[in-house]
Amino acid sequence: MRLDRVHTRRLPLAAAVLLTGLVLAACSDPLSTIEPKSDATQTVQNVYVIVFWLAAVVFVGVLGATLILSIWFRERPGRVASQFHGNTRLEIVWTLLPVVILVAIFIPTATAIVDLEPDPDDLPPGTVHVEAIGHQWWFEFRYPDLGIVTANEMHVPVDRPVYVTLRSEDVIHSFWIPQLVGKVDMVPGRENAVIFTPNEARDEAYLGQCVEFCGTSHANMRFRVFVDGQADFDAWVEAQLAPPVAAETLSELAQEGAALFQNPILALGVTPCVGCHTVKGTPAVGLIGPDLTHVASRSTLFAGIRDGFASSEDPERVQRELERWISDPDDIKPGVTVRENGMPAWGEHLTSEQITALVAYLRELQ
Amino acid sequence: MAQAAHAAEAPHSSTGIDSRKVLMWIFLASECLFFGSLIATYLVFKGDIPLPAPGFIEAHMHDGVVTGWFPTDRVVDGVEYAGVLNIPVTSASTFVLLMSSVAMVLAVYGAQNGRLKMMKIWLLATLLLGIIFLGFQVFEFHEFGAEGLNLATNQFGASFFVLTGFHGAHVTVGVLMLGSMLLASMRRTGLGPEAGFHVETIGLYWHFVDIVWIVIFTVVYLVPA
Amino acid sequence: MATAAGTLAAPAVQAPSGIWAWLTTVDHKRIGTLYGVSGMVFFVVAGIEALLIRSQLAVPNGEVVDADLFNALFSMHALTMIFLGVMPLGAAFFNWLVPLMIGARDVAFPRLNALSYWIFLSGALMLNASWLLGGAPDTGWFAYAPLTENTYSTGRSMDFYTVSLIILGTSSLIASLNFIVTIINLRAPGMTMFRLPVFVWMTMIVAWLLVLSLPVLTVGLIQLYFDRNFTTNFFIPDGGGDPVLWQHIFWIFGHPEVYVLILPAMGIVSEVLPTFSRKPLFGYGAVVFAGISIAILGFAVWSHHMFTTGLGPVPRVVFSATTMTIAVPTGVKIFNWLGTLYGGSIRFTTAMYFAVGFIATFTVGGISGVMHASPPIDTQQQDTYFIVAHLHYVLFGGAIMGIFAGVYYWFPKFTGRFLSEGMGKLHFWLFFIGLNVTFFPMHFLGVSGMPRRIYTYDAGLGWETWNFVATLGAFTIAAGMAVFLWNFFRSMREEPSAPDNPWDAPTLEWATSSPPPEHDFDVVPVVRARDPVWYDRDHGIAPPEPDPHEHIHLPPPSYYPLLIGVGFTLIGIGALSHLALVALGAVVVIYGIWGWTLEPTGAEPAAGGH
Amino acid sequence: MSAEGGHAAGSHERSHPTVRQYVLIGLLLTVITIVELAASYTPGLGVLLIPILMVLSGIKFVIVVAYFMHLRFEKALLTRLFVFGFVLAGAILISLLALFWGDPAVINR
């Protein structure tokens, strides 16, 4: 028969390829879920490894049995099907066998659940506390103990516990940094929390993203986490706490942009920049949009979907994208002008020279 | 018995129970989940009704007492709140619904024993009692609205009105069925051999609506927050 | 009313023909065909939606569709597949087979059966009308509040969602009540509960699941509708509501719904495997009880969809335990199917290909399911493509493979014709290879951290290769479907030639002609064993001679089901536009029920009831 | 089956109540309701009130189902069908409440 030839050739090979594929595929991918870089993800990984190998055994066993039985007992001249209705002993065995496997999975599972649960009343000493707040479609990060507010970019020191409380301003989002911490939802009206201790400082960012569908631009809601050595972290904190750029040190064009930015009636019937954004030390104290005090120091823009001034090789390109964003943000992040408290499309209200000036200002907010 | 005439064409039934009765009982099992979910929603929110906004207090302060926010009387932060629920009135309407169940069971008795007149009288009584119950509910909703409680007021208002409103809708369907049955029984040709079944099936529905109210009355009105 | 009913009943006397015959039919076989054809149409529609999704994701930063359309596509793909594809295809088999398998001449309430189809059609058309009228639902089939509330979902799309799902739920509820009663009450003499074919058992379990879970969804939908239209704040945190309540309500329904989709396929496979292995099902009792346990446990696991919502450790431990428990009865089923193959003399027909393929692919879905039954692992898998892979192995590798096993198996019974085995096997290989090529790489994507429901992604995240491969697989599946449709139409042009029992199968539907007469059986069969046809064959019991004097009573056609269906449609349209239409619809429904009750149905009271 | 509908009393092992018994049951239900009311107005019952009310309304529930809805006189099958749904509804309701009332994550409601 054709079946057995095809099967025997394909299946064992395929199974081997697929299983090793599963192990190897995700390694070194930036969002890999099986490359733990913190105690929390390592705990998950320890359970995963057990479950994975048990699953692999069942996979090979059941699929192998299906294949072998199909070949062995296929219709052949002279073969007569034996008529029996069951075998009680066998049935008891294959009821109990899964039970044993499941207990083997459940015990580490339950332990891990308890291990991963943060206890807000008893945080380990040296814990860094971050408040993460989900917005359609960006993340706000506040460090209540340090007085820092930033967006879409989180810095944490290596080898110190990070306690992140999770809230949402609008719809449900989910907070996930695959290599550092498993996802927990940000639910409006509730406060959840995660705790993890990153164990590898590196220059390259850890990627995070929203993983609960949250509307049109759900796909465009990402963030980055930098795990720094203690000295680098302190330097970052210092930079964030540093007073924002003084008005007189701004270039001429940027000063023009600053004036536009701070103008309370930029266009009739449209909330001006200052209505939503904060730049510390200026009249801009809006709380709806991201804090822009040090926006030019960030490695990305628009919630992790484009390179920022601090990381791009080509600042002029960033300049052009930021101009495009201010002029028509929907073009970069669909739905952003439509949603409640959305970013207006300033292209309808400002000249391109004005927008260039605004971007020049933002570019100097180091 | 009057209905025995059709025995020759009995429908097939493996269990010996009429299919319509089985259907109705399974449907009622399903309805348990429907009302169970509504009651669960009510209870989820019942535990912690927040304090009203100052604007609400101003708008609904009568003689120093705020109306239309909490289900029962209470004093919070020196502000006195009058409970919305009016237990005496609802006890009366509960009694009415209970009596309608008694009337219904007598109508079924009449139908099953071939006493057509008895059936009609008690069907009418059930129908009227059902309408009176609905009248109580309209009155209650109207009163609550006047005191300031509506669907948008708070979670108590939303879950209360949706729960009791859907119960009321079930009573209304029951009233329609009773009315139809009554009309049909007035026809010149009479009711036909199936009357006993129809009345009994409607009766099952009606009693179920009654026991749902037994639960609602206890959970919503009597059990304190 | 009485006179109206008298005149309206006229069509009952002369049998209607043509389109009218289909509109007024109360024959379970015709209603099954209506369900089957509708289900296939919507299966294709949802498949086209899937192809668009896969085209968009084939390469990074794809530009086939925009964000809003993509979100509507994945939402409608799920809604259409679940409620308009797989469920009605299941219902098609229930309708066709349950009366035949239990030796009945129809279901317990034939007109109610017709009504459930017309209400289904009404809800199905209404849901899809949203594409043209105000936008299709675009918040996922799970519709998590508060994204679905007025503030974030302007326009009518979510009202289409609530209204059409309530209507579809009503249809399923009516159908399920009908099937439970039919199975309990219309069994042929000798057909005890433990002689019922496994497929009939699964039908009853599915019906129970729907009867007990749909009301919960209905309540949630009503609350959402009230939030959007009548100023309540059930799920709006700013107004004191709780979005997590919606999640609970939705998944209390949603998880049993998963079993509603898969259990019919399990039933089908449990019929196909013994027939072509030429031996009885291994461990009949275990398979039945496993189905019952799955159903009961199915109500105790809903929060595993919410492991990342922040429920606290205790609920997560508890729901993790209950969820893992479900793997036991599921495993029992798989082992018993393998036990059925053991010792057999297996004929590899197309139906058998699909059935054996089902065991393999469903097992993969079951195994990955156990993985995210563990909440810590779930925090790395929830809402990634790993879940997409898992659920498609269960629903495509499980439900759809099972359904096509059933299509090939019962096609001669339904139509009197055979589907081509050669094209059938080509269809199987295209499906089997296509589904593995589409969905297996999604495990890798999930492990690489690709989230679900994203309309775009950047290059350089390690997702390019497998996304492209998955898209190729999707088009392979589409090719398989094209082969099937060609096979179907080619076969339908042929003359009927199928014998009564072409596969030498054991169950009662094969004891009548192919296709069966309108009254199903000339003589109501007497059942002497669990596999009645084989028992009679082995014991030389000849089929009984029909009694020429017996008057077989069949319920006459009725257009009241259609009329009441129209009433439901009006209520639905009213709920989306103007409440006056709701009143009009209610009047039509009440008028329809009146006419229905007074309509003469011959002397068969079992056909009545409302 | 005609035996069920036509001869309601004839085919059952236990005969249905008489009119008199129905009225008495109605009275009993009224009395229980009055007791419930009295309990809810009695100060000092404290936490006892809720179980008292639950038991009393449970008794009413059972009486109506058993006698008015004739479940006591039907085959056990119908009881099983209904009780299955009722128990499931109760179980889901209780677990839902347990999930919400023990929920620490809520910050505003």
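Here is how names work: the chains are called A, B, and so on, in the same order as the sequence lines, proteins then strands, and each is numbered from 1.
- Only the side chain of C/Thr363 has a heavy atom closer than 4.5 Å to any heavy atom of chain A.
- Contact of C/Tyr152 with chain A is made through the side chain alone, with heavy-atom distances under 4.5 Å.
- Neither the backbone nor the side chain of C/Glu149 comes within contact range of chain A; no heavy atom of the residue lies under 4.5 Å from a heavy atom of that chain.
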Applying ring pair (Phe, Tyr, Trp, His ring centres under 6.0 Å), run through A/Trp94 and C/Phe282 and close with a yes or a no.
CA-CA 13 Å; A/Trp94 68 43; C/Phe282 190 95; 5.5 Å; yes
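- Contact annotation for C/Pro313: both backbone and side-chain heavy atoms come within less than 4.5 Å of a heavy atom of chain A.
- Of the possible polar contacts, none joining the C/Ser345 side chain to the A/Val80 backbone as a donor-acceptor pair under 3.5 Å is found.
- Counting heavy atoms from C-beta outward, A/Ser174 and C/Asp383 have side chains that stay 4.5 Å or more apart.
- Ranked by heavy-atom pairs under 4.5 Å with chain C, the first of A/Val51, A/Val58, A/Val211 is A/Val211.
- No part of A/Gln45 comes within reach of chain C, as not one of its non-hydrogen atoms sits under 4.5 angstrom from that chain.
- Neither the backbone nor the side chain of C/Trp337 comes within contact range of chain A; no heavy atoms are under 4.5 Å apart.
- When C/Thr154, C/Val244, C/Thr456, C/Leu281 are compared by the number of non-hydrogen pairs under 4.5 Å with chain A, C/Val244 comes out ahead.
- Your options are C/Asp378, C/Ile359, C/Asn336, and the one with the most heavy-atom pairs under 4.5 Å with chain A is C/Asn336.
- Two residues are said to be in side-chain contact when any heavy atoms from C-beta on lie closer than 4.5 Å; C/Asp458 and A/Arg222 meet this criterion.
- The candidate with the highest count of non-hydrogen atom pairs below 4.5 Å against chain A, out of C/Val314, C/Val332, C/Thr148, C/Asp66, is C/Val332.
- With hydrogens and angles ignored, the 3.5 Å screen pairs a side-chain donor or acceptor of A/Lys183 with a backbone N or O of C/Thr379.
- Looking only at side-chain heavy atoms (C-beta outward), C/Pro376 and A/Leu116 come within less than 4.5 Å of each other.
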Using the rule given for side chain to side chain contact (heavy atoms under 4.5 Å, CB included), can you reason through A/Glu117 versus C/Arg316, listing the C-alpha separation, both sets of side-chain angles and the distance that settles it, and then say yes or no?
CA-CA 11 Å; A/Glu117 193 67 15; C/Arg316 272 182 286 159; 2.5 Å; yes
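- Atom CZ of A/Arg89 is surrounded by 12 or fewer heavy atoms from other residues, nucleotides or ligands within 6.0 Å.
- A side-chain donor-acceptor contact under 3.5 Å links A/Asn192 to the backbone of C/Thr309.
- Heavy atoms closer than 4.5 Å to chain C are found in both the backbone and the side chain of A/Val184.
- Taking C/Tyr342, C/Tyr144, C/Phe70 one by one and counting their heavy-atom pairs under 4.5 Å with chain A, the maximum is reached by C/Tyr342.
- A distance-only check finds a donor-acceptor pair linking the side chain of A/Gln209 to the backbone of C/Gly449 [under 3.5 Å].
- Side-chain contact check for A/Asp29 versus C/Leu461: every heavy-atom pair is 4.5 Å or farther apart.
- To the nearest 0.5 Å, the span separating CZ on A/Phe84 from OG1 on C/Thr340 amounts to 8.0 Å.
- The greatest number of non-hydrogen atom pairs below 4.5 Å with chain A, out of C/Ala321, C/Gly331, C/Ala327, is found for C/Ala321.
- Here C/Thr308 is the residue among C/Thr151, C/Ile454, C/Thr308 with the most heavy-atom pairs under 4.5 Å with chain A.
- Using cut-offs of 30° and 60° on the angle between ring planes, the pair C/Phe74 and A/Phe213 is perpendicular.
- When heavy atoms are compared at a cutoff of 4.5 Å, A/Asp115 does not approach chain C at all.
- With a threshold of 4.5 angstrom between heavy atoms, A/Leu97 does not approach chain C through any atom at all.
- Both the backbone and the side chain of A/Arg79 come within contact range of chain C, each with at least one heavy atom under 4.5 Å from a heavy atom of that chain.
- To the nearest 0.5 Å, atom CZ of residue A/Phe73 and atom CG of residue C/Leu338 are 11.5 Å apart.
- Under 3.5 Å, the side chains of A/Trp176 and C/Gln380 contain a donor-acceptor pair of N or O atoms.
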Stepwise, does the side chain to side chain contact (heavy atoms under 4.5 Å, CB included) test hold for C/Arg453 with A/Glu212?
CA-CA 9 Å; C/Arg453 307 177 182 121; A/Glu212 184 62 80; 4.2 Å; yes
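- When each of A/Asp170, A/Asn220, A/Ile68 is scored by its heavy-atom pairs under 4.5 Å with chain C, the top score falls to A/Asp170.
- Looking at heavy atoms from C-beta onward, A/Arg190 lies in side-chain contact with C/Asp242 at the 4.5 angstrom threshold.
- A donor-acceptor contact shorter than 3.5 Å is absent between the side chain of C/Ser448 and the backbone of A/Ser32.
- For the set A/Ser82, A/Ala55, A/Pro98, the count of heavy-atom pairs under 4.5 angstrom toward chain C peaks at A/Ser82.
- Both the backbone and the side chain of A/Leu102 come within contact range of chain C, with heavy atoms under 4.5 Å apart.
- Contact tally against chain C (heavy-atom pairs below 4.5 Å) for A/Thr216, A/Ile101, A/Thr95, A/Thr88: the top residue is A/Thr216.
- Contact of the A/Val44 side chain with the C/Ser374 side chain is not registered, since no non-hydrogen atoms from C-beta on lie closer than 4.5 Å.
- Interface remark: C/Thr384 contributes side-chain atoms only to the contact with chain A (heavy atom separation under 4.5 Å).
- Using a 4.5 Å cut-off between heavy atoms, C/Ala290 makes no contact with chain A at all.
- The line from CG of A/Leu67 to CG of C/Leu341 is 11.0 Å long, rounded to the nearest 0.5 Å.
- Of the two parts of C/Ile334, only the side chain, counted from C-beta on, holds a non-hydrogen atom closer than 4.5 Å to a non-hydrogen atom of chain A.
- For A/Leu207, the part sitting under 4.5 Å from any heavy atom of chain C is the side chain, from C-beta outward, and nothing else.
- Residues A/Phe106 and C/Val317 meet the side-chain proximity criterion, which asks for heavy atoms closer than 4.5 Å.
- At a 4.5 Å heavy-atom cutoff, the contact between C/Asp138 and chain A is made by backbone atoms alone.
- Within the 4.5 angstrom heavy-atom criterion, only backbone atoms of C/Tyr284 (N, CA, C, O) approach chain A.
- No side-chain donor-acceptor contact under 3.5 Å links A/Glu75 to the backbone of C/Phe348.
- Counting only heavy atoms from C-beta outward, the side chains of C/Leu147 and A/Gln136 approach each other to under 4.5 Å.
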Take C/Asn71 and A/His218, measure what side chain to side chain contact (heavy atoms under 4.5 Å, CB included) needs, and give me the verdict at the end.
CA-CA 9 Å; C/Asn71 296 337; A/His218 165 59; 6.0 Å; no
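- Of the two parts of C/Phe276, neither the backbone nor the side chain holds a non-hydrogen atom closer than 4.5 Å to a non-hydrogen atom of chain A.
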